[in-house]
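A short write-up of the structure that comes next.
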Amino acid sequence: MTRIPLPDGFILGVATSAYQIEGAIDVGGRGASIWDTFSQTPGKTAGDVPGDAGADGYDRLEEDLDILLDLGVQSYRFSISWSRLIPDGTGAVSPEGAAFYDRVINGLIARGITPNVTLYHWDLPQTLQDRGGWADRAIVEWFAYYARTAFTLFGDRVRMWATLNEPIAIWVGYGLGTFPPGIADALTGKTAMHHAMLAHGRAVQEFRALGIDGSVGIVIDVWKRHAITETAENHQLVDRDEDDSFRFFFDALFAGGLSERLVRRLQKDGTMPAVQPGDAGITGTPMDFLGLNVYGRVLVDAENYDPAWWKQDGEFPGGNYLSNGIELYPEALIDAVRIVRDDYAVTLPIYITENGTTADDGEIQDGVKSDDDRIAYLSAFLAKAVEAHELGLGVEGYYAWTLMDNYEWTAAYTARFGLVDVDVDGSFDRTYKKSAYWFKQLAQDRILQMPAPEGDA
Ligand code: BGC
């Protein structure tokens with residue numbers, strides 16, 4: 001075994017999101033979100049199972065807070081449901097909604113756990129979708145209002161804020177149509193992405209204007225593209241795919257706007273969003289940290305390319321695969337950090353805000369689901385996060401995705417990422433998997449035990 005101590009001050013956390021865990025969609029005056037509408041529409045999710053129940057997290061808040069305490073989680077990353085806090089999106093605050101998040105935040109603090117709050121993890125109020133949603137530039141101010149409201153209500157206790165989680169999901173909803181609101185139009189999709197970055201920038205401005213004590217950032221997922229073979233076509237596709245995904249956001253955040261290469265192509269394709277003078281100043285409003293969600297890499301193969309999907313499936317020659325078919329490529333974490341530092345000169349503190357995997361957790365030993373693949377995956381990535389920290393690359397923490405099995409978007413309950421098993425077919429009872437016990441030990445010792453590399457004695 002190799003023993004890797006977690007550096008002093010390095011945050012070890014877990015993450016969830018509101019829609020995936022809360023349920024209680026009709027409780028306390030909560031307004032509908034686009035995920036309610038979409039997941040209740042036949043043909044949109046695996047088995048037509050809607051996300052109405054989440055993981056029953058609203059009703060089980062105290063139990064889940066106690067699990068976080070028992071696991072030794074230092075920081076809990078969760079999101080606020082916009083339509084629970086402000087049912088119609090732009091109007092009055094729901095007292096019940098505000099009281100719920102007070103209970104979450106106060107419950108965490110009482111247990112010594114640092115809240116890390118994301119404002120938007122994909123669950124737009126349906127009322128705002130009815131007014132155009134992310135495709136309407138008015139959303140920039142709708143979001144600024146929501147952000148200001150949340151900062152004002154909770155900013156006295158929450159010190160870590162992220163505006164958006166993985167804004168690429170907005171492309172999936174407006175460009176590809178496989179997420180809500182189900183619009184498949186490239187110009188609309190790119191426009192919505194631009195509005196999302198403006199909304200982010202305005203929220204950061206609101207944070208500064210209120211003088212909130214703490215830090216604010218954004219969460220971007222990076223899936224570096226790798227050409228399957230060294231051909232010009234593959235390399236063009238690598239650039240194209242990266243430009244359309246994480247580079248779109250990094251350009252807006254750190255490079256004064258979209259790259260010339262991307263602008264040229266979007267103009268040629270007729271999919272260039274309308275950019276107004278001053279936009280780059282808004283999207284590039286300086287932040288305090290960057291959250292990176294890292295799960296793996298994407299293979300690019302021009303001969304086998306599906307532009308209607310956000311990433312290609314396919315195996316890397318010689319890749320290292322888990323039994324569920326997912327590649328274990330922990331170098332993806334270093335790749336992501338190097339992209340932001342080398343290509344965008346970012347020196348902000350970086351948190352790995354999500355990393356996790358589904359695993360074949362069917363096998364039960366002594367009443368515990370044994371998910372060794374998950375432990376291997378999380379360990380390998382956490383080791384890379386520590387390595388990145390030691391290399392001086394600014395990685396200051398790591399959050400495992402996710403605390404417990406929950407509603408995995410269009411996959412419904414067919415893909416489970418939790419450390420804790422949830423009986424999603426019935427009781428919603430929570431049971432630790434082997435990985436939960438692993439996490440607890442790790443949090444206690446702050447030493448990651450890695451199997452020695454093959455060949456070592
Ligand atoms: C999302 C999570 C999701 C996870 C696993 C991330 O892209 O932020 O909401 O559950 O991936 O698919």
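Values below: all heavy atoms of this structure, side chains included; hydrogens, waters and symmetry mates excluded. Quantities reported herein were computed from a predicted structural model and do not represent experimental measurements. For the single chain, residues carry numbers from 1 onward in sequence order. One-based numbering, in listed order, for ligands and for the atoms of each.
Side-chain contact, Arg265 with Thr271: no donor N or O sits under 3.5 Å from an acceptor N or O. Side chain to side chain, Gln205 and Thr285 meet the donor-acceptor criterion of an N or O pair below 3.5 Å. Side-chain N/O atoms of Arg77 and Asn165 include a donor and acceptor closer than 3.5 Å.
The shortest heavy-atom contact between Asp123 and Trp82 is O-CB, 4.4 Å.
With a 4.5 Å cut-off on side-chain heavy atoms, Leu237 and Arg225 do not count as touching.
The single protein non-hydrogen atom nearest to atom 6 (C) of ligand 1 is Glu354 OE1, 3.0 Å, given as residue, atom name and distance. For atom 4 (C) of ligand 1, the closest non-hydrogen atom of the protein is Tyr295 OH, 3.4 Å. Taking atom 7 (O) of ligand 1 as the reference point, the nearest protein heavy-atom neighbour is Glu166 OE1, 2.6 Å.
Taking distance alone, with nitrogen or oxygen atoms compared against 3.5 Å, Ser17 stays at or beyond that limit from ligand 1. Looking at ligand 1, you won't find any N or O of Trp122 less than 3.5 Å from one of its N or O atoms.
When each atom of ligand 1 is checked for a heavy atom of His121 under 4.0 Å away, the hits are 1 (C), 2 (C), 8 (O), 9 (O). For ligand 1, the atoms lying closer than 4.0 Å to a non-hydrogen atom of Glu408 are 3 (C), 5 (C), 10 (O), 12 (O). Ligand-side atoms of ligand 1 in range of Phe417: 5 (C), 12 (O), range being under 4.0 angstrom from any heavy atom.
In this structure, Asn165 counts as a contact residue of ligand 1, since one of its heavy atoms falls inside 4.0 Å of the ligand.
A side chain to side chain donor-acceptor pair (under 3.5 Å) check over residues 51-61, counting only residues at least two apart or in different chains, returns the pairs Gln40-Asp52, Asp56-Arg60, Arg60-Glu63, Arg60-Asp429. The ring-ring contact (aromatic ring centres under 6.0 Å, His included) analysis of residues 318-337, with sequence neighbours excluded, yields the pairs His226-Tyr329.
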